[in-house]
Structure formats: structure tokens, C-alpha cells
Amino acid sequence: MSDINEKSNFVFEFQSVTKLFEEQVRLHPDKCAVASSKESFTYAQLNERANRIANSLIEKGVGCEKIVGVVLERCCDFYAVRQGILKAGGAFAVAAPDYPDDRVQFIFEDAGVPFIITTKEIQKERQELFSRLSCTVLLLEELLENPNAGNPDTQIKEHDLCYCIYTSGSTGKPKGVMIEHINLANFVNPNPKNAETYGYVSRGSVSLSMAAMTFDVSVLEEFLPLTNGMTAVIASDEEILNPIMLGDLIVKNKVDIMTTTPTYLSNMIDLPQLQEAAAQIKVFDVGAEAFPPALFDKIHAVNPDAYIMNGYGPTETTISCTMKVITDSKNITIGEPNGNVQVYVVDKENRILPDGETGELVIAGLGVGRGYINLPEKTAEVFITLNGERAYKTGDLAKITPDGEIEFFGRIDNQIKLRGLRIELGEIEEVVNSFEGIITSITVPVDNKYLCCYFMADRQINVEALTAYASESLAHYMVPDVFIQLEKMPLTQNGKIDKKALPKPVAQPRNLKEPENPMQKKIFDIVAKVVENDFFGIDTSFYKAGLSSISAMKLCVLISEEFGVTVKTSDIHENNTVEKLEKYVMLAPKLRTYEKREVYPLTGSQKGIFAECSKNPESTVYNIPFLFELDPTVDTRKLSDAIARMVSAHSYLLTQVYLDDNGEMVQRPGNETFVPEVIETTNEKFASQKESLVRPFKLEKGRLLRVAIYVTEDKKYLFTDFHHIIADGNSYDIIFEDINKAYMGEKLEKESYTGFDAALDEEQQMKEGKYKKAEKYYDSIFEGIETESLPMPDLNGKAPEKGYLEKTMGLKEEAILSYCEKLGVTPNILFTGLFGILMAKYSNAEDSLFSTIYNGRNDSRLENTVCMLVKTLPVYCKFDPKTTVQAYMAELSEQMLSSMANDIFPFSDICAKYGLNSDLTFAYQAELSDDYPIGDTIARGHDLSLDMAKMPLLIQVREYNHTYVLTAEYRSDMYSQAFIDGILDSYEAAMSSMPENKTMFLKSL
């Protein structure tokens, strides 16, 4: 435990966040500090507005330890107000404009605020509320009229109060968490040992602000950018709930950092409307819930090089206190402490447990806040002294793993999760107990479907009146569905309520009206799937059933797919029952669909292949041939039928490509029936035939696949060959998965989204101007570059011939993943970046230029699609010896993410415009296998040799069974085997020399 605590410590000189912000104003006065879809302020403008507010507050007596209330809609001036309050020496406490009157009144009376800042509009709407408060209401519009726009000369000390955040409390009343300036100043410090902050500020420049301003994550979204010279983009409530609007906001403002919950992010990636936006995000700072392993795969499919941080931290420890960089879907923990944070695991007596033992997680260090306002007993209970340090008992179960990471197991207390929402039962009970006549109560979940509240009272209670009373103070999902009045509570021997002895509810919640027609039943089933609960009626609010603003996005997609209509989250909000949604769907506009055509366009990648093959019609460079040795027990007739069924399911394999009468490269569906031939032969004949199996395809209007089964005296073989214009490596996996399913007797589903649809989608994007946008991006990187990185040949042969070398690397997968975690990159970036360094050294230059490939499957609809989706991307690496490995890799990661987001501009056009080529290519391919199951046997695959190398030099790192293999495919008329062997040796040596110290300079490699 001491090891992980020591690693994150660093020393810094305290400066308040207001001084850090003012320093950024000095450095970047004209840079955009904050923006929304309606307005934006530069650093100078935001500072001026904050100063006018601050000087107004100082004139009214605001200073150290004075808390100022804030009630505002989401806008850029929200930041001006909070900055202004701090500049005046005060602290802020926020209440949302839509909070119930009682909650707003409690927060501001509990915090003892002398002033509340709001707008004229909100003051008018909440006039009755504000008239009941003892504090003075200040109007933002008037504060901004103060003529003094200079920085106030306020002296802020380390332990001055900074802000007070109100969280849900087990007493039924929210509790105010007090955070001091030293806490926030430490959190925003960009020291590399402060890993989460450093990861946030060093890999992007524009962050999205979408957390509620009443939550502490909103403090992160404001102060991390503004104290580190970045731009914050504030999403409105409408944009947060509308995926199309949110996607537009992200794309238009070039947002590349996003802080969110796993649930929101998962639903966001599921929405086609937000996938372009998600692909643009370089940094995902995820927290507030457990990180599900499947989410990594979702993010990786859309954005393979995204930097994913899994953060953890109670409000009491200043936003976030531990973090892990997620690089795969295994071993997901909450990582290690952030800067100047210490973690301990203790038993019930607060004794520190050894690593590996489970107990309560305790946080110590500079992140630990002051305590709870006006709650000295509660503060003393959870804010303790441990190991000589001030510490906070989180109430969470955890342990320290042998790898020195924190494994999280959930809450110890009375918090439950129902219908996907976290509920603190104590808060419900406190509200119910405050109803006149009620003596005591207990609330429990029933069958994990609904809440039942048992209570005792001194009179007969009207349940409808009690429900209405609870609804005034509790969120709708926290109001019990059933109330049961008891004469007495069953007790345990210890005198506590015996939950097991409580009577099972006889009455069920009302409003369980069942679907009345097939359409209502379909909608009901879809909603039930999304909320993971079917305990509601067709007239029950979806939100009462457990729908959140996040899962509403997923519901929109599923309803759209089922009924072929356009549905927005705002439509769900307005039509929030099955009955209402049924009526809406019947009148809703239809989704845009493509009519079947006789002829379809080719994608940009396919056109490039078509052009190359037309120039070299006798070449087999774009064949993908494999010969599989089958187990003798395989039924060849059954296998032939399975392959025929696979081709029927993926009929795009029968596609024909050709030039139309206008000279355009096009494709059309084939209409033939394909059944592979079973050929009886001998070992001798097959041995002589094997060399001629791979031959050129007739590209124009010819069949672009060949499949045959060969049976000799004692052997069975399957030969497959697909032209690259209709299939890729991932297609092979899909093809053989379905061959095996069909062989086992399973029914195959036809593709719902085909290569033709992909071509039409690309055509539509071209019409929408995305091609031009992508072209501008590539202009910014490659215009004027004249680097040539292909190593000088050491041979001058006459006839082009293919050479091949393979070398198993001595590095273990664990070591590579460890390097990646330290650097904050994916294996793809690590291996690609190292290749860029090596090629620069070979060409004695300070930059390198080469190409790479990625699978292009950044759309969930393509999961089972057989077609050519692989994209070639240019890579430009520039550095000097003083550059650190970390900085170099981070910059490369940004470039790769941006290039993938702009892959609609095909590589052939990139080459034509910028004079580039694919003579030098590097590729990283993970989890490869040439073997596939056929029934309960394995088909052993052999990649048949092609006629010549696709390019002069192709280096690949291929992962087989957790082992890395270096391969080189090269022109043996240009390079000797010894020369290529030297490149592979140099690559492995460079990788082996890369230490875990992420600040190592490139010159050390």
C-alpha cells in the first residue's frame, strides 16, 4: 500500500485557482475560454465579467468564508459567476432552477448564504420562493454593470472555503460538503504524477461541459480547462437530451475531451447520430459508476486510439482521487491514487489491512475536504485521522491488488440500485417519517422491481396524501410504489426491524395497465428491455419505470429501428408512456431508407483497388487466398452446403464490379446460386495443382470468389480465395463463423446492412460535404511535406520478386500493456510510433512518412457485414531528440484519431493530391489466427504465397496467442534478407529498450 501512495506524491507551491486562471488570461487573452451554442467568451472577456461580479460582491461585504448562492440556467456566465465569487474571496453553493422550493430553501438556509445570484427571468418565475428566503437576491444583469473590471486584490489562503456541494443524505436532508482552496488547487495541478488531470489537459484542448452545475463534476469541467489554458464548451439542457444537437455541438466546436458516466457513454456510442462525435473524442474521463468491461470494446470499435480514464472519487475528496487508464476489457480497477492522494483499506476498527484483504476504502491527502456544514457529528464520524493524516471513510468496499491497484466492490451502506437508478433508502424513510402522524417507517425493494414502504402511525393515514407529500421532496423514482400501514414492526432480538419478517405486499402498485394491441406490446417490450424491468403499465411514465435521460437515447434508436420512424429524446419526454408513444409513432416521419438499385457506386477504397487491378490485370496482389487442412472426420458434402448457405446469407460475395457507359466504377448484385465443388483427387495430383490454385480474378463482371473442397486418399482441404475489393480480413472471421454455424445446423440471418448500404452511406456523406471537411484536415497536415522515408535499397535486381521474413519478439504481452499504460496509449499507437522513430533514423531525418491500415468498422451495423472496409491512412511523425516518448506518442495518437474521423477522404485521393504513396507501410494486427473451427474440429489455415509484395516494404506486428510476431513482406529485388533482418532486429531492440519511465527522451531509444 505504501508503494502506490509514494508514487503519486509531488511538491507544489500553492496558488489559488483564481490566480491560476488569471495567469492563463495573461498568457492567452484572446483565446476562447468558454463557449456554448449561443455565445462565447475569450479569456479576457470572461475575466472581465468575473471581475465585475467579484468587485460588486466585495462592495456588498462578501469575503473569506462567506458562501454565495447561485441559481442559474446553463450558460457561459455560470463560469463568470463562480469565478467572480471566488475572486471576491467567497465560496459558492449551487441550486438548480428546477429544484423544489423546499430543497432550495434548505440548501441556502443551511449554508447561511447572505446573497443569491440569479437572473431577472428566474427571479420572476420563482418569486414566491425568493420572498421566503432571508438572504438578498442579486441579479446577474446588474452585477455585470459594475464599472470596475480589474482583478481584485484578494488574498486567498490554502484552507479558505472554496465551494459547498450538496449531496443526498441518509437523514432525508441533503448534506453540504465543504471543499477548501488547497483541495481544488491540488486537483487542477497538471503535474504528470497527478495522472487524471495530466491525462485530461495533455491530450486534448477543447472539453465538453455537460454535468449538472449542482454536481462536483461540473467543477472539474470548469476549473481544469480554465486553469490550464483550454476551452470549455457548455452543453445546454436541450443539447444534453438531444443526441443530434449534442453531436453537432461536439463536432462544430472540435470537442476532444469528455467527462461522463459509463451508462451515458455506452448509450451515446450506440446512437448512430453520435458516432461521428464519439470518434472525435480523444480523451474519455469516465466515472461515478462501475466501468463495465463491454464498454471498452464499444469505445474501441468506434475509436481504437481513445484515451480512456476510469476515475473514482467521492465529493468529500474533491471530485476524483484515483484513476486507471483502461487499455483492454480485462482487469478493470479504479487504478492508483491521483497526485498527493493516499489510499488505505481498513477494518471496522479503522485498522489498516494488508494488501489483498477487503475492507473499507479510506482516502487521505490533499484532496480530503473540510467536512459537512453544520454536521459536526457526521463529520467526526467519517473524517478521521489515519496514519497521522486527515482522511475520509468512503463507505465503499475495496482491496489493494498484487499489481498495486485498487479493486472496488461497491457500497457498504443502505444504498440500492433499482431500475438502473441509485436510491438511498434512508432518505426516503426520513421524508416519510416527517409526515404528520407517522411514528417510524422502513422502505425495501420487492423482488427487485418496486419499492414498498412499511410504516407505523398514531392514526389511519391517507396513502394518497402520503404519496403526494413524498413526491414534493423526493425524486419521482424514489417515491414508494406501495405503502403498507402496520400496527407494529417485527423486530430482531437486537431490537432492530426484522426485514425478513415484514409481510409480503398483497396490494400491487397501481397503473399496471397491460398492452391492448400488438403495437403497444412491441413498444412495451422495447421499453422493458431498455429499463431492464417490466413492472409498469402502458400508462406508467417511462421515467417512473426507470428510464433516464441517458437510456432515453437508446430507446430512441430501438424504436426508430423497430418502426422505421424518426424519434428524438424530446419526443420520448413528451410521449412518456406506451399509450402516448404509440400515437406518436403512428404519425412520426419515416427514416431515410435507400431503394434497391440495379447498380451501386463503389466506395473510395474500392475505387483505389479497382484502379490498381485495372493497371495490373494479371496480378494476384489483391487476392486473399487460404488453404485449410481439414480434419478427416469433416463431412465434405455437409461443408459444401454450409458454405453455400453462408454465401446466400452474405450475397455481397457475388457482387460484380465494372465500368459503366460513363466510365464510372460501379458494382451490382450477383444473382447466381453458388455451391462449392467437392473435387476427388490424389495426393500427387493435388500437390501439383496447389501451385496453380491462386490465379488472377477477372475483375470486370467476373465472380470475385473461389471456393473448392479437395479430397485425396487420406487428406481433405478447403481452398478459399476472395478478391480484396469485396472482402477484408474481418470478413474472413465473419465468413468462417457463419460456415461453422451452418455446418452445425444453425439458421443464418441475412445481412441487414450490406456493402451496398455502406457505399450509399458514403455517397450520402459526400453530398453532405464531409469529403471537403476531411480534405481540409489533410491539407493541415500534409500540404507541402516532401519527406521520403522508404529505406534506400541495398540491391538493384532486375525482376520484382517477393521476400518474406518472420521474427518472434521476446517481449511479453504484459510488458507491452504495461508500457502502454505508462504512456497512456494503445498498443497500436505504441508499435506504430516506434516504427516512425525507426524509419526516421534509417533515413537520417527528423520526421518520417508512411502508411498504415485500420479495419474501418466504426459503425455497429457493420458487425456482421462482409465487404471491403479496411482503410489506408497516411502517418506523419515529426520529432526531435529532446521530445519525450510520452509527448511524441500523445501527438501521434491525436493524429490517428483525427485521420480515422476523416477517413471518407480516400487514400488514393490523398496520394494524388499530396504526392504520397504506400511504398512504406506499417500495420499492427491484434489477436490473429489462421485457424477456424468446423464443428468440433479445427481447420488449419495456410496463407498461400502471392506473386509479389504489395509494396516495397510492409512491416507488421501481429499478435498470436499473446505473443508478438514481427513480419516483413518486401521486394527482394530491392532489399536483401540481411538488410530486412537488420530492420526487424533494430525494431525489437528499440522496443526492448523502452523503459516504463514515460518521460524518457527519444534520443535514449
Side-chain angles (χ1 to χ4, degrees), residues 17 20-21 24-25 27-28 31-43 45-46 74-80 82-83 184 187-190 194-213 215-237 239-240 245-262 264-265 268 274 276-288 299 303 305-311 313 318-320 323 325 338 824 890-891 893-894 897-898 901:
V17 288
L20 295 173
F21 168 60
Q24 295 303 322
V25 174
L27 293 172
H28 318 287
K31 183 176 181 178
C32 180
V34 60
S36 69
S37 54
K38 295 180 180 178
E39 61 185 347
S40 66
F41 299 142
T42 64
Y43 270 85
Q45 290 170 336
L46 181 63
R74 302 180 65 85
C75 63
C76 292
D77 267 327
F78 214 118
Y79 288 3
R82 294 209 291 204
Q83 295 287 336
L184 187 56
F187 178 78
V188 302
N189 192 297
N194 205 7
E196 188 169 358
T197 294
Y198 184 74
Y200 191 100
V201 305
S202 65
R203 288 175 174 80
S205 58
V206 183
S207 61
L208 181 66
S209 297
M210 56 186 295
M213 295 296 187
F215 294 171
D216 62 349
V217 174
S218 74
V219 178
L220 175 155
E221 292 173 338
E222 175 181 348
F223 286 89
L224 276 188
L226 295 185
T227 59
N228 286 281
M230 303 162 69
T231 300
V233 177
I234 299 179
S236 67
D237 289 325
E239 286 164 338
I240 292 168
M245 291 177 70
L246 184 63
D248 287 344
L249 183 75
I250 291 171
V251 172
K252 287 177 182 176
N253 288 278
K254 298 181 180 178
V255 170
D256 52 13
I257 306 172
M258 183 177 186
T259 306
T260 184
T261 64
Y264 189 97
L265 183 55
M268 172 183 174
L274 282 174
E276 179 188 356
Q280 179 179 297
I281 303 296
K282 299 171 184 174
V283 179
F284 290 100
D285 195 359
V286 184
I299 299 171
N303 196 336
D305 296 309
Y307 188 74
I308 308 166
M309 299 189 290
N310 183 34
T318 315
I319 308 167
S320 185
M323 186 276 289
V325 178
N338 288 331
E891 188 173 332
S893 180
E894 290 179 11
L897 285 171
S898 299

Any side-chain heavy atom of [X] sitting closer than 4.5 Å to one from [Y]?
X: F223; Y: F21; answer: no
X: L208; Y: L246; answer: yes
X: V283; Y: M309; answer: yes
X: N338; Y: T197; answer: no
X: I250; Y: I281; answer: yes
X: D237; Y: R74; answer: yes
X: Y200; Y: T259; answer: yes
X: M258; Y: M210; answer: yes

Distance from [X] atom [atom1] to [Y] atom [atom2], nearest 0.5 Å?
X: I234; Y: E222; atom1: CD1; atom2: CD; value: 7.5 Å
X: S236; Y: L249; atom1: OG; atom2: CG; value: 7.5 Å
X: I257; Y: S205; atom1: CD1; atom2: OG; value: 6.5 Å
X: Q24; Y: L226; atom1: CD; atom2: CG; value: 9.0 Å
X: S207; Y: N228; atom1: OG; atom2: CG; value: 10.0 Å
X: I299; Y: D305; atom1: CD1; atom2: CG; value: 12.5 Å

Residues that S209 engages under side chain to side chain donor-acceptor pair (under 3.5 Å), provided they are two or more places apart: Y79

To check you understand the geometry: which heavy-atom pair defines the closest contact between [X] and [Y], and what is its length?
X: V219; Y: R82; answer: N-NH2, 4.0 Å
X: Y43; Y: P225; answer: OH-O, 3.2 Å
X: S218; Y: A212; answer: CB-O, 3.4 Å
X: G204; Y: M230; answer: O-CE, 3.8 Å
X: S40; Y: C76; answer: CA-SG, 4.4 Å

State whether the side chain of [X] and the backbone N or O of [Y] hold a donor-acceptor pair below 3.5 Å, judged by distance alone.
X: N303; Y: K282; value: no
X: T227; Y: V17; value: no
X: K31; Y: G229; value: yes
X: Y307; Y: D285; value: no
X: Q280; Y: V255; value: yes

Applying salt bridge (charged side-chain N to carboxylate O under 4.0 Å, His left out) to D77 and not counting sequence neighbours gives R49

Apply side-chain contact (heavy atoms from CB on, under 4.5 Å) to L20 and N189, showing your working. CA-CA 10 Å; L20 295 173; N189 192 297; over 6 Å; no

